[in-house]
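This report refers to the structure that appears directly beneath it.
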Amino acid sequence: MNPLLELTRIVQAAAQASAHAEQVKLIVESIHRAIGVDVCSLYISQPDHSMLLAASHGLDPRSVGHTLLPEGAGLVGLAARSRHPVNIAEAAAHPDFRYIAETHEEEFHSFCGVPLVRGGEVIGVLVVQAREARLMSEEELAFLVTLSAQLALVLPAEPQQISNVLSATRRLRGVKGAPGIGIGKVQVCDQFDLYSVSDKACDDPELALQRWHALLEQVSAEVEAERCSLGADVSDSVAAVFSAYQMLLADNHLRQGVAERIRNGQWLPGALRQTVQHFADIFLAMEDPYLRARHEDLYHLGNKLYSAWAGDNDSSALPGDGPVVLVGSKVSVSDIASCDPARLQAIVCFEGSTLSHTAVLANALGVPAVMGTGAIKAVNDGDPIIVDGNVGQVILHPPLSVKKEFRRLQQADRTLQGELAELVNEPATTTDGEKVQLYANTGLLADISPGIANGAEGVGLYRTEMPFMVAETFPSEDEQEFIYRQVLKAYAGKPVYMRTLDIGGDKPLPYFPIEEENPALGWRGIRFCLDNSSLLMTQLRAMLRAAGDADNLRILLPMVSNTGEIDRLRRLLDDALGQLRDEGHTVNRPPVGIMVEVPAAISLLPTWASRIDFISIGSNDLSQYLLALDRNNPRVAPAYDHLHPAVLREVSRIARCAKGSGLPLSLCGEMASDPAAVLVLAGLGIRTLSMSASKIPRIKWLLRSIAARDAAAMAAQALEMEDAASIRELLQQALRERGLGRLLGDQ
C-alpha cells in the first residue's frame with residue numbers, strides 16, 4: 001500500500017460524494033480495502049455528545065443509523081473523551097468495553113478507535129476491528145490518524161446532518177418539568193384553542209348569559225370528577241392543583257368579565273377569549289418566572305370551558321394497554337386526569353415552564369415531564385418516545401440500544417427516588433452535624449401542599465402578588481386576610497416569610513398601568529408600596545390579622561436600597577399594630593427583614609442591623625444586578641451564572657456581615673437549588689435555603705452527604721478562582737467524588 005496515494009484517494013472521493021450517506025459509506029468501504037481489516041465503522045457525535053453508528057463495513061447493517069452510544073460509553077466513548085487513539089488487541093478484556101448486541105460484533109477481538117477532531121471538538125470516531133486479537137501496527141495507526149485528521153475537514157459542517165439522513169431518531173431539548181425517565185408511545189393531546197376564536201355578535205345575550213352560568217357549573221363538576229378519577233387516596237398536593245382551578249372558576253372577576261362582554265354584544269366564546277386573554281397576557285408579560293407561569297393556568301381553564309361549550313367530551317385514549325406519553329402544545333391537567341394512571345409514563349409540552357400547574361401536577365404524581373421543547377413536527381399517536389425529565393431531553397424513535405440504556409437509567413432513577421422519599425422527615429444535617437433549614441417558595445394556595453409533602457420546614461418566600469394580579473381592582477383587606485390565613489395555618493408552627501407587594505414597572509397591574517423605559521431600575525417593590533402607603537397599610541393589616549396571636553409570620557421587604565425605606569415601613573407597621581389593637585384584634589409584632597437584591601444594600605447592612613430582624617438574599621435579582629445581565633435575554637443569557645466570582649464574593653460578604661451582626665440569614669432563588677452552588681453556600685455558613693418544593697429532597701440528600709468543613713474548604717478555593725466555568729467544574733467534580741453525580745444528571 002502506498003499510504004500517501006491511498007490517503008489522497010480516500011479524502012478526494014469523500015469530498016466529491018454527492019450525498020452524506022454515500023460519503024460515510026464510501027469512507028468505511030475505502031479504509032476496509034486499504035488496510036485489510038474485517039470491520040471499519042464511523043461514529044458521528046450528536047448534540048448531547050452521544051455517538052451514532054453512521055456507517056460500517058463488517059457490522060450488522062441493520063444497526064447502522066440505529067446504534068447510539070451514550071456520552072463516554074464504551075471504547076468509542078473512551079477515544080472521544082481522551083482525544084487519543086485507542087488500540088487494543090483484546091477489546092472485551094478492557095474495562096471500558098461495552099457489548100452492543102445489535103451490531104453482532106462478538107466475533108471481532110481487536111479494536112482501534114481514532115477520534116475525528118475539528119475546531120477543537122470531537123465530531124466522530126473512526127473504528128477498525130479484526131477477528132484476530134492483534135494491535136494495529138504503527139504504520140496502520142499512523143495512516144488512520146492522518147486520514148482522520150483530513151476526513152474531519154471534509155465531513156459536513158454540522159455532522160448531525162449525516163445522522164438525520166440515516167435515522168428517524170430525533171433528540172429535542174426542553175426544560176426540566178418533573179424528574180424521572182418515561183418510556184412509551186405518544187398520545188397527542190389535540191385540544192380546542194380558545195385563542196383562535198374570532199369575535200362575533202351575540203344574537204341573544206340573555207340566553208348566552210344563562211349558558212355561561214351553566215357552563216361554569218358543568219366544568220366545575222368535571223374538574224371535581226377529574227380529581228376523583230385519580231383515586232380516593234390522592235395526595236394533598238394533587239388535590240390542591242384541582243382546588244386552584246375551582247378557585248379560578250369561582251373567581252368573580254372571571255365570571256363578571258365574561259358576563260360584561262356578553263352584555264356588550266360579544267358572543268360567549270369571544271367573551272371568554274377576551275377575558276381569559278386579558279388576564280393571561282398580564283401574567284405573560286411579567287418578569288417574575290413564577291407569576292409569568294400563571295398564564296398557563298388561565299389558558300388551560302379557558303380551553304376547558306371552550307371545549308365544554310363546543311360539546312367535546314372525548315378523551316380519545318390511545319388504543320391498547322401499553323405505556324403512554326402525553327405530548328402536546330400545552331398538555332392540560334384534564335389531559336393528565338383522563339389518562340389511565342397505570343399507563344401514564346411521561347408528559348411533553350411544546351410550551352410551558354417548570355412552574356406551570358402541569359409541571360406541579362407531574363411532580364406530585366411522580367410522572368416525568370419536559371416542558372418548552374418547541375413545536376415537534378410530524379409526531380403521531382403511537383410513535384415510540386423516551387422522556388428524560390432529569391435533563392430536559394426527549395428522544396423520538398429511539399433505537400434499541402438507547403431504549404436498553406434508558407431502561408437501566410430508569411431503574412437507577414427509581415432507586416434514587418425511593419432513597420429520597422425516605423429522607424422526607426429527616427433533617428438536612430451535614431455529616432459533621434451542621435443543620436441546614438430547607439424552606440419552600442410559593443405564591444399559590446395550590447402550591448402549599450407540595451412543600452409540606454417534600455419536607456419543607458417553612459416558607460422562605462411567599463409571593464403576595466397573586467390576588468392583585470387576578471383582580472380588576474385592588475383586593476380588599478378581608479380578601480387578602482383570607483388567603484394569608486390559609487398559608488399561615490397550613491404551616492402552623494413553621495416560619496412563613498411573606499414578601500410585601502412586589503409590583504411596579506416590571507409587574508404592572510391591569511388596573512394600574514405603569515410604563516417606564518427601564519422598569520428593572522424603576523418604580524417597583526418597596527418603592528412602589530411606600531409611594532402608595534394606603535395599599536401597603538391594607539396589606540400589613542391583612543397579614544397581622546391573618547397571623548393573629550401565632551408567631552410564624554415574617555415580613556419580608558423587597559428591593560430595599562436605602563435606610564429611609566426601612567424606617568418608613570417600621571412606622572407603618574407600628575400604626576397597623578396600634579389600629580388593630582384598638583379595634584380589638586389580638587396581634588403580635590412579627591420579625592421584619594429585607595431581601596438583599598440591590599447591590600447598594602450590601603454596604604449598608606451594618607447600618608441596618610439594629611433596624612431589621614433577618615436578611616434574605618434574593619439570588620436571582622442580586623446576580624442580575626451585579627453582572628448587569630438579563631438572564632431572560634437570549635443575547636446575553638449564556639454569560640449569566642450565579643457562580644460568577646463577583647456574585648460569590650458578595651454573597652460571602654453578606655454572610656460575614658450577617659454573622660457579625662447576629663442576624664439570621666437565608667437565601668432564595670435558583671442558586672439555592674443548584675447542587676454546585678449549595679456546596680459553596682454551605683461552606684459560607686448559610687444555614688437556611690429556600691427553593692421550589694420539588695427541589696428540596698435532592699438538596700437534602702446532598703447536604704446529608706457532605707461535611708460542612710469540606711464545603712468550607714471548597715468555598716474558600718472557589719472564592720480564589722477567576723471565572724464561573726472553572727468554579728462550576730471544581731464543584732461538580734467534588735460532587736462526583738462524593739458519589740453525588742446523579743444530582744448533575746450522571747447515572
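Looking at Leu572, Leu540, Leu569 one by one, the single match for side chain to side chain contact (heavy atoms under 4.5 Å, CB included) with Ser533 turns out to be Leu572.
Taking CG from Leu735 and CD1 from Ile706, the interatomic distance works out to 8.0 Å, rounded to the nearest 0.5 Å. Atoms CZ and CG, on Arg568 and Leu573 in that order, are 14.5 Å from each other to the nearest 0.5 Å. In this structure, the separation between OG on Ser690 and OH on Tyr497 is 9.5 Å, given to the nearest 0.5 Å. Separating the CD1 atom in Ile727 from the CD atom in Glu720 is a distance of 10.5 Å, to the nearest 0.5 Å. For the atom pair CE of Met595 and CG of Leu461, the computed distance is 5.5 Å after rounding to the nearest 0.5 Å.
Between the side chains of Glu351 and Ser329, a donor-acceptor pair is found at a separation under 3.5 Å. A donor-acceptor contact closer than 3.5 angstrom links the side chains of Thr464 and Gln539.
Looking at Arg728 and Asp674, a side-chain N of the basic residue comes within less than 4.0 Å of a carboxylate O on the acidic one, giving a salt bridge. Between Glu457 and Lys435 there is a salt bridge, with a side-chain nitrogen of the basic residue lying less than 4.0 Å from a carboxylate oxygen of the acidic one. Ion pair Glu465/Arg499 flagged as a salt bridge, since at least one NZ, NE, NH1 or NH2 atom sits closer than 4.0 Å to an Asp/Glu carboxylate oxygen. Salt bridge absent: Asp502 and Arg463 never bring a charged side-chain N and a carboxylate O closer than 4.0 Å.
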After noting the C-alpha distance and the side-chain angles of Ser692 and Asn441, does the key distance pass the side chain to side chain donor-acceptor pair (under 3.5 Å) rule? CA-CA 5 Å; Ser692 298; Asn441 296 335; 5.3 Å; no
